[in-house]
Amino acid sequence: MGQPVVHFEIIGADPERLRGYYGDLFGWGFDTGGPVAPSVSEPGRYGFTQPESGIPGGVGGGAGHPPHTVFYVGVPDVEAALARAESLGGKRVMGPERAPGRDLVVAHFTDPEGNLVGLAGPA
(Lines give C-alpha, C1' and ligand atoms only; values in the text may rest on other atoms or scores of the structure.)
Protein backbone atom coordinates (compact mmCIF):
# COMPACT_ATOMS: atom_id res chain seq x y z
CA MET A 1 0.00 0.00 0.00
CA GLY A 2 1.14 3.56 -0.62
CA GLN A 3 0.52 6.20 2.03
CA PRO A 4 -1.45 4.92 5.06
CA VAL A 5 -4.52 6.18 6.86
CA VAL A 6 -3.16 7.61 10.12
CA HIS A 7 -6.11 9.30 11.87
CA PHE A 8 -9.88 9.71 11.75
CA GLU A 9 -12.23 12.40 13.02
CA ILE A 10 -15.89 12.69 13.86
CA ILE A 11 -16.94 16.34 14.05
CA GLY A 12 -20.22 17.94 15.12
CA ALA A 13 -21.84 20.89 16.84
CA ASP A 14 -21.99 19.12 20.24
CA PRO A 15 -18.68 17.26 20.62
CA GLU A 16 -19.29 16.34 24.27
CA ARG A 17 -22.49 14.55 23.27
CA LEU A 18 -20.72 12.82 20.39
CA ARG A 19 -17.93 11.62 22.69
CA GLY A 20 -20.55 10.26 25.10
CA TYR A 21 -22.30 8.48 22.25
CA TYR A 22 -19.17 6.88 20.79
CA GLY A 23 -17.79 6.15 24.24
CA ASP A 24 -20.97 4.25 25.14
CA LEU A 25 -21.23 2.59 21.73
CA PHE A 26 -17.63 1.41 21.30
CA GLY A 27 -16.04 1.82 24.74
CA TRP A 28 -13.76 4.60 23.53
CA GLY A 29 -11.97 6.86 26.02
CA PHE A 30 -10.90 10.41 25.16
CA ASP A 31 -8.17 12.85 26.12
CA THR A 32 -9.31 16.46 25.67
CA GLY A 33 -5.99 18.01 26.72
CA GLY A 34 -4.28 18.18 23.33
CA PRO A 35 -4.34 21.16 20.96
CA VAL A 36 -5.90 21.00 17.48
CA ALA A 37 -6.18 23.44 14.61
CA PRO A 38 -9.10 25.87 15.12
CA SER A 39 -10.44 24.94 11.67
CA VAL A 40 -10.86 21.38 12.97
CA SER A 41 -12.45 22.03 16.38
CA GLU A 42 -13.05 24.69 19.00
CA PRO A 43 -10.19 24.75 21.54
CA GLY A 44 -10.71 22.40 24.47
CA ARG A 45 -13.60 20.57 22.77
CA TYR A 46 -11.62 17.94 20.87
CA GLY A 47 -11.02 14.54 22.39
CA PHE A 48 -8.31 12.22 21.08
CA THR A 49 -9.12 8.51 21.26
CA GLN A 50 -6.75 6.30 23.18
CA PRO A 51 -6.73 3.08 21.16
CA GLU A 52 -5.05 -0.11 22.28
CA SER A 53 -5.24 -1.20 18.64
CA GLY A 54 -6.36 0.34 15.37
CA ILE A 55 -5.66 3.89 14.24
CA PRO A 56 -5.99 6.91 16.53
CA GLY A 57 -8.79 9.38 16.06
CA GLY A 58 -10.64 12.26 17.57
CA VAL A 59 -14.12 13.58 18.22
CA GLY A 60 -14.65 17.33 18.37
CA GLY A 61 -16.15 20.36 16.72
CA GLY A 62 -18.42 22.99 18.20
CA ALA A 63 -20.48 25.86 16.88
CA GLY A 64 -19.75 26.53 13.24
CA HIS A 65 -18.25 23.08 12.62
CA PRO A 66 -20.60 21.15 10.32
CA PRO A 67 -21.07 17.47 11.11
CA HIS A 68 -18.82 15.16 9.15
CA THR A 69 -16.43 12.26 9.40
CA VAL A 70 -13.02 12.29 7.79
CA PHE A 71 -9.96 10.07 7.59
CA TYR A 72 -6.44 11.43 7.29
CA VAL A 73 -3.75 10.01 5.02
CA GLY A 74 -0.16 10.50 6.12
CA VAL A 75 1.91 12.31 3.48
CA PRO A 76 5.44 13.75 3.49
CA ASP A 77 4.33 17.14 2.07
CA VAL A 78 0.76 18.31 2.70
CA GLU A 79 0.86 21.21 0.23
CA ALA A 80 2.21 18.98 -2.55
CA ALA A 81 -0.47 16.35 -1.84
CA LEU A 82 -3.20 19.04 -1.95
CA ALA A 83 -1.88 20.32 -5.27
CA ARG A 84 -1.88 16.76 -6.62
CA ALA A 85 -5.45 16.17 -5.37
CA GLU A 86 -6.57 19.36 -7.14
CA SER A 87 -4.76 18.42 -10.37
CA LEU A 88 -6.70 15.13 -10.37
CA GLY A 89 -10.11 16.85 -9.97
CA GLY A 90 -10.36 17.33 -6.20
CA LYS A 91 -11.08 20.62 -4.44
CA ARG A 92 -9.18 22.18 -1.54
CA VAL A 93 -11.40 22.76 1.50
CA MET A 94 -8.97 23.68 4.29
CA GLY A 95 -5.29 24.20 4.83
CA PRO A 96 -2.55 23.44 5.00
CA GLU A 97 -2.76 24.54 8.61
CA ARG A 98 -0.30 23.83 11.42
CA ALA A 99 -1.72 22.25 14.57
CA PRO A 100 -0.94 24.55 17.53
CA GLY A 101 2.10 23.47 19.52
CA ARG A 102 2.80 20.48 17.29
CA ASP A 103 5.03 19.65 14.35
CA LEU A 104 1.95 18.62 12.36
CA VAL A 105 0.24 20.16 9.34
CA VAL A 106 -3.29 19.17 8.32
CA ALA A 107 -5.53 19.88 5.35
CA HIS A 108 -8.85 18.78 3.85
CA PHE A 109 -9.96 18.30 0.26
CA THR A 110 -12.95 16.76 -1.48
CA ASP A 111 -12.52 14.09 -4.12
CA PRO A 112 -14.32 14.36 -7.48
CA GLU A 113 -17.45 12.80 -5.89
CA GLY A 114 -17.47 15.27 -2.99
CA ASN A 115 -16.10 12.94 -0.27
CA LEU A 116 -14.07 14.76 2.38
CA VAL A 117 -10.50 13.49 2.85
CA GLY A 118 -7.80 14.73 5.24
CA LEU A 119 -4.06 14.95 4.85
CA ALA A 120 -1.53 15.02 7.69
CA GLY A 121 2.20 15.53 7.54
CA PRO A 122 5.22 17.07 9.20
CA ALA A 123 5.47 20.84 9.66
Side-chain angles (χ1 to χ4, degrees):
M1 180 174 159
Q3 295 161 320
V5 173
V6 296
H7 188 78
F8 72 88
E9 287 177 338
I10 302 168
I11 302 296
D14 188 346
E16 292 78 13
R17 181 173 164 229
L18 283 173
R19 284 194 300 278
Y21 176 82
Y22 285 103
D24 288 346
L25 180 63
F26 297 129
W28 293 352
F30 299 94
D31 175 6
T32 57
V36 296
S39 297
V40 171
S41 180
E42 290 180 351
R45 299 191 75 191
Y46 190 92
F48 289 92
T49 61
Q50 301 166 332
E52 293 177 15
S53 63
I55 63 169
V59 177
H65 293 273
H68 64 273
T69 59
V70 62
F71 64 89
Y72 286 80
V73 176
V75 296
D77 183 329
V78 172
E79 178 56 44
L82 272 176
R84 177 84 173 132
E86 289 175 309
S87 76
L88 294 171
K91 293 186 180 173
R92 184 183 304 239
V93 175
M94 186 224 24
E97 187 171 323
R98 187 174 181 153
R102 301 178 68 194
D103 290 329
L104 175 70
V105 174
V106 295
H108 293 165
F109 69 93
T110 54
D111 68 17
E113 294 286 331
N115 295 298
L116 185 65
V117 179
L119 299 168

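Across all non-hydrogen atoms, the minimal contact from A107 to L82 is CB-CD1, 3.5 Å. Here the shortest heavy-atom pairing between P51 and P56 reads CG-CA, 3.8 Å. Nearest approach of V105 to A123, heavy atoms of both residues: CG2-CA, 3.5 Å. Minimum interatomic distance between G61 and S41 (heavy atoms only, all atoms of both residues): N-OG, 2.8 Å. Taking every heavy atom of both residues into account, G62 and P15 meet most closely at N-CD, 3.8 Å.
Connection of V5 to V78 is established within a shared hydrophobic cluster, with ILVMFWY side chains joined at heavy-atom distances below 4.5 Å, either directly or through further cluster members. There is a path of hydrophobic side-chain contacts, each under 4.5 Å, that joins Y72 to V36. V70 is not connected to I55 by any chain of hydrophobic side-chain contacts under 4.5 Å among Ile, Leu, Val, Met, Phe, Trp and Tyr, and they are in different clusters. When hydrophobic clusters are built by joining Ile, Leu, Val, Met, Phe, Trp and Tyr residues whose side-chain heavy atoms come closer than 4.5 Å, directly or via intermediates, Y21 is grouped together with F30. Using a 4.5 Å cut-off between side-chain heavy atoms of Ile, Leu, Val, Met, Phe, Trp and Tyr, with links allowed through other members, V93 and L104 fall into the same hydrophobic cluster.
With salt bridges taken as basic N to acidic carboxylate O contacts below 4.0 Å, one links R98 and D103.
Note that CG of D31 is 11.5 Å distant from OH of Y46, once rounded to the nearest 0.5 Å. Rounded to the nearest 0.5 angstrom, H65 NE2 and I11 CD1 are separated by 7.5 Å. Atom CG of residue L18 and atom OG1 of residue T69 lie 11.0 Å apart, to the nearest 0.5 angstrom.
Side-chain atoms of E42 come within 3.5 Å of backbone atoms of A63 as a donor-acceptor pair (strictly under, hydrogens ignored). Looking only at distances, no side-chain donor or acceptor of R84 sits under 3.5 Å from a matching main-chain atom of L88.
The closest side-chain heavy-atom distance from R19 to T32 is below 4.5 Å. Counting only heavy atoms from C-beta outward, the side chains of V40 and M94 approach each other to under 4.5 Å. Using a 4.5 Å heavy-atom cutoff, the side chains of E86 and F109 are not in contact.
Checked against F8 for a ring-ring contact (aromatic ring centres under 6.0 Å, His included), the options F48, F71, W28 give a single hit: W28. Tested against L119 for a side-chain contact (heavy atoms from CB on, under 4.5 Å), the candidates D77, V75, V6 yield a single pass: V75.
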